[in-house]
Amino acid sequence: MKFLVCISNVPDTTTKIAFTPDNKEFNKAGVQFVINPWDEYALTRAIELKEAQGAGTVTVLNVGEADTEPNIRKALAIGADDAIRVNAHPKDAFFVAKQIAAIAKDGGYDVILMGKESIDYNGFQVHGMVGELLGIPTVAPAMKLDMSGNTATLEREIEGGKEIVEVNAPFVASCQQPMCEPRIPNMRGIMTARTKPLKVVEPTADAARTEVETFALPPAKQGVKLIPAENAGELIRLLRNEAKVI
């Protein structure tokens, strides 16, 4: 079985967010980038399923420029067999989905996995677009994934509960915890990752459908006011008139 795992290159969760002077782009200066944490669930589960089957391949796909390659190599060190990088800035969700769909169609992949969203934009869009572009089912967000032959059993989160679904390959699934325990590279994996294939391809001629007008930071947090326990009336006044929560 051929697995295609899509990964994003995102700022580390401890990054201090800043934008360029015109507020149209994220300022990358001094920022450490990591594999999108949700994508790590997809990657680890694909590797586990390949190992359980005793056959198959796991290919990592990233839409990004050359500076994403260290994290692609990390994915190879975790256990992916090979990687593809589409040499383009990920302009928007539709553009990324078109690139993924083109690679998936040409490669004949059985299972396409990715995180439920990237932690920088939290769009929750790409998986659904990929499934629609390929004309195959999409299951999102999946918390469990098991395979029996060509049939997958997935558990996904719905409002107020869980839903268990079965689907035949090929299909798309977006992943979240507690699907598996994400793996970290060991020394052997780091060494072998250096020689694993990383193919760079040019993007399809598809335009982005959206454009960023401006980025803005959230309002600065206000100072904390401590109210003595015996002064409940003042607390109620502040909650009603200043915080406006009651």
Side-chain angles (χ1 to χ4, degrees), residues 5-43 60-75 83-103 112-133 138 140-141 157 159 172-177 182 200-225 242-245:
V5 180
C6 310
I7 64 171
S8 298
N9 198 55
V10 299
D12 186 270
T13 52
T14 61
T15 296
K16 185 176 180 180
I17 301 300
F19 303 112
T20 54
D22 61 1
N23 287 326
K24 287 188 176 293
E25 293 183 358
F26 174 69
N27 188 348
K28 296 182 179 180
V31 174
Q32 168 107 21
F33 283 82
V34 298
I35 299 173
N36 179 45
W38 298 118
D39 298 336
E40 290 184 331
Y41 288 99
L43 175 60
V60 168
L61 172 60
N62 170 256
V63 179
E65 295 167 318
D67 58 358
T68 68
E69 290 194 5
N71 280 325
I72 298 175
R73 289 290 177 191
K74 180 181 178 182
I84 301 170
R85 178 174 68 82
V86 178
N87 188 32
H89 177 70
K91 302 171 187 175
D92 71 354
F94 180 78
F95 176 81
V96 171
K98 288 287 282 188
Q99 308 311 311
I100 294 172
I103 296 295
I112 303 167
L113 301 179
M114 62 191 75
K116 68 173 185 175
E117 60 191 358
S118 62
I119 63 169
D120 48 2
Y121 288 100
N122 301 106
F124 200 74
Q125 300 178 67
V126 174
H127 45 80
M129 292 181 181
V130 171
E132 182 67 19
L133 290 167
T138 300
E157 189 174 31
E159 186 173 355
V172 179
S174 69
C175 306
Q176 68 173 47
Q177 86 277 17
V200 179
V201 300
E202 292 305 310
T204 62
D206 292 287
R209 298 293 180 92
T210 59
E211 181 179 348
V212 173
E213 290 291 332
T214 185
F215 286 108
L217 293 171
K221 292 183 178 180
Q222 301 297 317
V224 176
K225 292 184 178 180
E242 292 192 12
K244 300 186 184 302
V245 294

Got a sec, which residues hit side-chain contact (heavy atoms from CB on, under 4.5 Å) with [X], two or more places apart in sequence or on another chain?
{"X": "Asp67", "result": "Lys28, Glu65"}
{"X": "Asn87", "result": "Arg85, Val200, Glu202"}
{"X": "Lys74", "result": "Ile35, Glu40, Asn71, Ile78, Pro185"}

query = Can you name the closest pair of heavy atoms from Pro90 and Phe95 and give their distance?
reply = CA-CD2, 4.4 Å
remark   = Between Gly115 and His127 the two heavy atoms that sit nearest each other are O-CD2, 4.4 Å
Spacing of [X] atom [atom1] and [Y] atom [atom2] [to the nearest 0.5 Å]:
{"X": "Ser174", "Y": "Asp39", "atom1": "OG", "atom2": "CG", "result": "10.0 Å"}
{"X": "Leu61", "Y": "Ile100", "atom1": "CG", "atom2": "CD1", "result": "5.5 Å"}
{"X": "Phe94", "Y": "Asp206", "atom1": "CZ", "atom2": "CG", "result": "6.0 Å"}
{"X": "Ile103", "Y": "Cys6", "atom1": "CD1", "atom2": "SG", "result": "10.0 Å"}
{"X": "Cys175", "Y": "Trp38", "atom1": "SG", "atom2": "CH2", "result": "10.5 Å"}

request  = Taking atom CD of Glu132 as the centre, report whether more than 12 heavy atoms of other residues, nucleotides or ligands fall under 6.0 Å from it.
outcome  = no
request  = Kindly indicate whether the side chain of Phe33, heavy atoms from C-beta on, has any atom under 4.5 Å from the side chain of Pro11.
outcome  = yes
Non-hydrogen side-chain atoms of Asp12 and Val31 separated by less than 4.5 Å = no
Please check: side-chain N/O of [X] versus main-chain N/O of [Y], any donor-acceptor pairing under 3.5 Å?
{"X": "Gln99", "Y": "Thr204", "value": "yes"}
{"X": "Lys116", "Y": "Phe124", "value": "no"}
{"X": "Asn36", "Y": "Ile119", "value": "yes"}
{"X": "Asn27", "Y": "Ala18", "value": "no"}

key: side chain to side chain contact (heavy atoms under 4.5 Å, CB included) between Gln176 and Glu117, intermediate numbers included   = CA-CA 9 Å; Gln176 68 173 47; Glu117 60 191 358; over 6 Å; no
message = For Glu211, is there an ion pair with Lys91 - N to carboxylate O distance below 4.0 angstrom?
response = no
With side-chain contact (heavy atoms from CB on, under 4.5 Å) as the test, pick out the partner of [X] among [options].
{"X": "Val63", "options": "Val86, Val126, Asn9", "answer": "Val86"}
{"X": "Val172", "options": "Leu113, Leu133, Thr138", "answer": "Thr138"}
{"X": "Phe26", "options": "Val212, Thr15, Thr20, Asp120", "answer": "Thr15"}

task = Could you check whether the rings of Phe215 and Tyr121 sit parallel, tilted or perpendicular, using 30° and 60° as the cut-offs?
result = tilted
task = Verify the distance criterion only: is there a donor paired with an acceptor across the side chains of Asn62 and Thr68 at less than 3.5 Å?
result = yes
